[in-house]
Number of protein chains: 2
Amino acid sequence: MVRTTVQDVARAAGVSVSTVSRALTGGSVSPSTREAVVAVAHRLGYQPNRAARGLITGRTGNLGLIVPDLRNPFFADVAKGVTARARAVDCGVFISDTDEDPVAELEAIATLRHNTDGILLCSPRARDAELLAAADPENTVLLHRRVPGLSSVAADIVDGTRQAVRHLRALGHRRIAYVSGPEDSWASRQRLAGIAEFQGDAELEILPVVSVAPTFDGGVLAGDLVLASTATAVLAYNDLVAMGLLHRLAARAAVVPERLSVVGYDDISFAAMSHPPLTSVAVPKDRAGAIGLDLLLGRGSMTAAQGAEVILPTTLVVRASSGPAG
Amino acid sequence: MVRTTVQDVARAAGVSVSTVSRALTGGSVSPSTREAVVAVAHRLGYQPNRAARGLITGRTGNLGLIVPDLRNPFFADVAKGVTARARAVDCGVFISDTDEDPVAELEAIATLRHNTDGILLCSPRARDAELLAAADPENTVLLHRRVPGLSSVAADIVDGTRQAVRHLRALGHRRIAYVSGPEDSWASRQRLAGIAEFQGDAELEILPVVSVAPTFDGGVLAGDLVLASTATAVLAYNDLVAMGLLHRLAARAAVVPERLSVVGYDDISFAAMSHPPLTSVAVPKDRAGAIGLDLLLGRGSMTAAQGAEVILPTTLVVRASSGPAG
DNA sequence: TTGAAAGCGCTAACAC
DNA sequence: GTGTTAGCGCTTTCAA
């Protein structure tokens with residue numbers, strides 16, 4: 001792999017290396033020279049060595065994205081948003097999948113912070129204090145999580161939960177079961193905060209069913225518990241759980257939404273493909289990723305260094321899994 | 001972000017930079033010196049600058065993974081396999097999502113081949129000749145695609161197709177519809193090759209229905225066409241198409257598998273969550289990624305440079321969407 | 001075994 | 001507007 005260097009381009013174009021550098025990075029060069037250099041560079045298939053450039057500029061042109069699990073469509077969507085935007089601004093993206101392990105997460109932060117211009121930390125599993133200790137506030141943006149002292153881009157989960165409950169109440173449901181996820185997670189606490197707003201509502205009863213794994217299997221497990229309750233509707237921690245619920249309810253011949261309405265959270269693409277199609281709270285996933293990247297690179301009006309806290313709106317998407325109370 | 005350099009460590013340890021370098025990378029140093037240097041490095045939180053190291057060693061310690069669409073669970077699974085293995089061998093992974101665009105793909109290859117130690121090219125959309133022109137055979141491994149002249153790790157699609165058809169034949173089906181994907185793709189041609197084996201089978205008729213987009217919507221579209229045919233079973237291009245089929249068949253009150261058996265391909269995680277759970281040809285996805293990485297890094301018995309062609313077995317996973325012919 | 005010094009490919013002062 | 005030169009942080013000859 002013999003790579004062409006600035007030297008080669010300079011020689012071929014009959015100019016100095018600095019002229020080549022300037023011509024290619026937008027320094028002051030005469031139009032004609034620039035044109036010639038660009039042509040030669042292109043002809044030689046010249047690709048600047050990012051490592052060398054980074055060594056001197058102090059910027060690598062790369063950033064890191066850390067996610068708990070790429071297999072989870074939610075994170076895949078976030079990653080898609082990041083990579084798409086990165087491609088547009090010609091920025092490389094290191095992706096680290098931590099397998100839901102907080103320790104791996106902290107290690108990834110330690111490695112990436114020295115080899116990238118910044119880190120996008122999506123739904124980290126580590127605790128606030130650990131994150132604060134490991135991350136550089138100047139070059140870190142949290143995605144779908146908020147920690148005081150760090151910049152973040154997150155969805156308005158409380159409002160999304162509110163919309164979901166109001167939707168069910170408007171359909172005449174008076175007893176709604178809430179299937180919770182991992183209780184110590186930030187996302188879970190946010191949902192609970194939304195639920196809590198209805199505590200004083202005399203005509204509504206929220207039945208906390210159980211805390212399950214935020215997976216299809218977790219939903220299957222919750223299915224029987226919900227059927228054993230007096231609820232006429234269920235709000236699930238996320239779409240995966242909702243799909244598990246749907247599966248178990250179908251197996252027990254409980255027709256959705258006649259017998260029970262089901263509402264999910266996140267609106268992953270598969271929510272629309274379930275049977276019946278799932279009503280779900282849509283969370284901007286790819287958009288959060290793109291905005292986080294802009295924040296990191298200081299491309300928008302705000303920068304990560306300012307400790308920005310971006311909150312994106314959520315919207316309830318009504319499909320066939322929710323209907324009038326029977 | 002003031003990073004500690006070898007200089008700092010050398011000064012603090014009272015030795016020269018070269019000694020520090022040797023102590024940390026396994027050169028010949030006296031045990032006592034090494035111990036002291038390592039201690040100081042650790043105390044100072046020293047993290048070697050990969051860019052600077054790469055500049056001189058010629059190896060970056062990173063590799064690139066190019067996929068058409070991270071949102072597609074198939075590719076997310078492959079990516080997961082790659083990143084998991086990469087973490088184990090302490091290797092960074094650049095992920096580039098090309099959005100199914102062959103041009104973006106070629107650009108990604110051009111950028112990454114100069115800034116990584118190698119490229120993992122998953123199910124590329126570009127043509128053989130373009131790939132051969134853009135990629136360096138020494139440092140490129142194809143995943144789920146074969147191109148003469150390049151190393152690859154792919155599943156035995158022909159055999160998987162064979163298993164699916166035999167399964168349906170064994171269930172008594174005599175007219176099987178095949179819903180094809182993008183006709184010019186490698187994966188599609190492989191499936192067709194598997195189908196072709198049954199041309200001479202007197203007791204079996206394969207009805208080519210149509211070529212659709214390899215998506216849920218493509219499957220929905222194919223649903224009506226399949227119902228209009230005489231087929232009693234359908235083999236779909238992939239699970240997404242199969243799920244679209246399932247959806248449309250349910251909407252038209254065609255019960256699966258009584259009225260029609262449906263078999264998908266790939267066995268993505270959602271195949272087990274569909275209604276009814278989908279019979280599908282399982283393809284090693286994460287394993288292909290991990291093996292590809294080893295090939296690239298020359299960690300196994302083979303290396304990419306040798307032009308290895310690894311073929312992984314496929315297995316039919318029978319679930320509720322396929323049953324006896326009515 | 002250790003240190004001094006020469007770069008890897010590139011950009012940014014600084015001269016011209 | 002263009003060329004010369006000094007490094008960025010690191011590894012690796014080459015001497016000692």
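In what follows, chains carry the letters A, B, and so on, assigned in the order in which the sequence lines appear, proteins first and then strands, with residues in each chain numbered from 1. As the structure is a computational prediction, the values presented were derived from the model and not from experiment.
A close approach under 4.0 Å does occur between a side-chain nitrogen or oxygen of B:Thr19 and OP1 or OP2 of C:dG3. Residue B:Thr5 places no side-chain N or O under 4.0 Å from the OP1 or OP2 atom of D:dG9.
Mapping B:Gln47 and B:Arg22 onto DNA chain D via the closest heavy atom, the residue that lands nearer the 5' end is B:Gln47. Nucleotides of DNA chain C nearest to B:Val17 and B:Leu55 differ in position, and the one nearer the 5' end is that of B:Val17.
The nearest whole Å value for the distance from the CZ atom in B:Arg11 to the P atom in D:dG9 is 11 Å. Between B:Arg53 atom CZ and D:dG9 atom C1' the separation is 11 Å, expressed in whole Å. The NE2 atom of B:His114 sits 18 Å away from the P atom of C:dC8 (whole-angstrom rounding). Between the CG atom of B:Leu44 and the P atom of D:dG9 there is a distance of 15 Å, given to the nearest Å. If you measure from atom CZ of B:Arg59 to atom P of D:dT12, you get 11 Å, rounded to the nearest angstrom. D:dC10 atom C1' lies 7 Å from atom OH of B:Tyr46, rounded to whole Å. What separates CG of B:Asn115 from C1' of C:dC10 is a distance of 12 Å, to the nearest Å. Following rounding to the nearest Å, B:Ile56 (CD1) and D:dT11 (P) show an atom-to-atom distance of 8 Å.
Remark: the B:Arg50 side chain and the D:dG9 base include no donor-acceptor N/O pair separated by less than 3.5 Å. Side-chain to base pairing of A:Ser18 with D:dT4: one donor and one acceptor N or O lie within less than 3.5 Å of each other. Counting distance only, with no hydrogens placed and no angle test, the side-chain atoms of A:Arg34 and the base atoms of D:dG1 include no donor-acceptor pair under 3.5 Å.
Between A:Arg71 and A:Asp97, none of the side-chain N atoms (NZ, or NE/NH1/NH2) sits under 4.0 Å from a carboxylate O, so this pair counts as no salt bridge.
The main-chain N or O of A:Pro182 is found under 3.5 Å from a side-chain atom of A:Ser188 such that the two form a donor-acceptor pair. A distance-only check finds a donor-acceptor pair linking the side chain of A:Asp117 to the backbone of A:Thr60 [under 3.5 Å].
Between C:dC10, D:dC10, C:dG3, one nucleotide has an atom nearer to the side chain of B:Asn49 than all others, and that is D:dC10. Side chain of A:Thr25, nearest nucleotide from D:dC10, C:dT11, D:dT2: C:dT11.
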Practice task
Please lay out, stage by stage, how B:Val93 and A:Phe94 fare under the test side chain to side chain contact (heavy atoms under 4.5 Å, CB included).
Solution key: CA-CA 5 Å; B:Val93 182; A:Phe94 278 109; 5.6 Å; no
Practice task
Any chance you could lay out the side chain to side chain donor-acceptor pair (under 3.5 Å) test for B:Ser21 and B:Ser18, step after step, and finish with the verdict?
Solution key: CA-CA 5 Å; B:Ser21 173; B:Ser18 39; over 6 Å; no
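Using a 4.0 Å heavy-atom cutoff across all strands shown, A:Ser28 reaches at least one base atom of the nucleic acid. Using a 4.0 Å heavy-atom criterion, one finds that B:Ser30 contacts the sugar-phosphate atoms exclusively.
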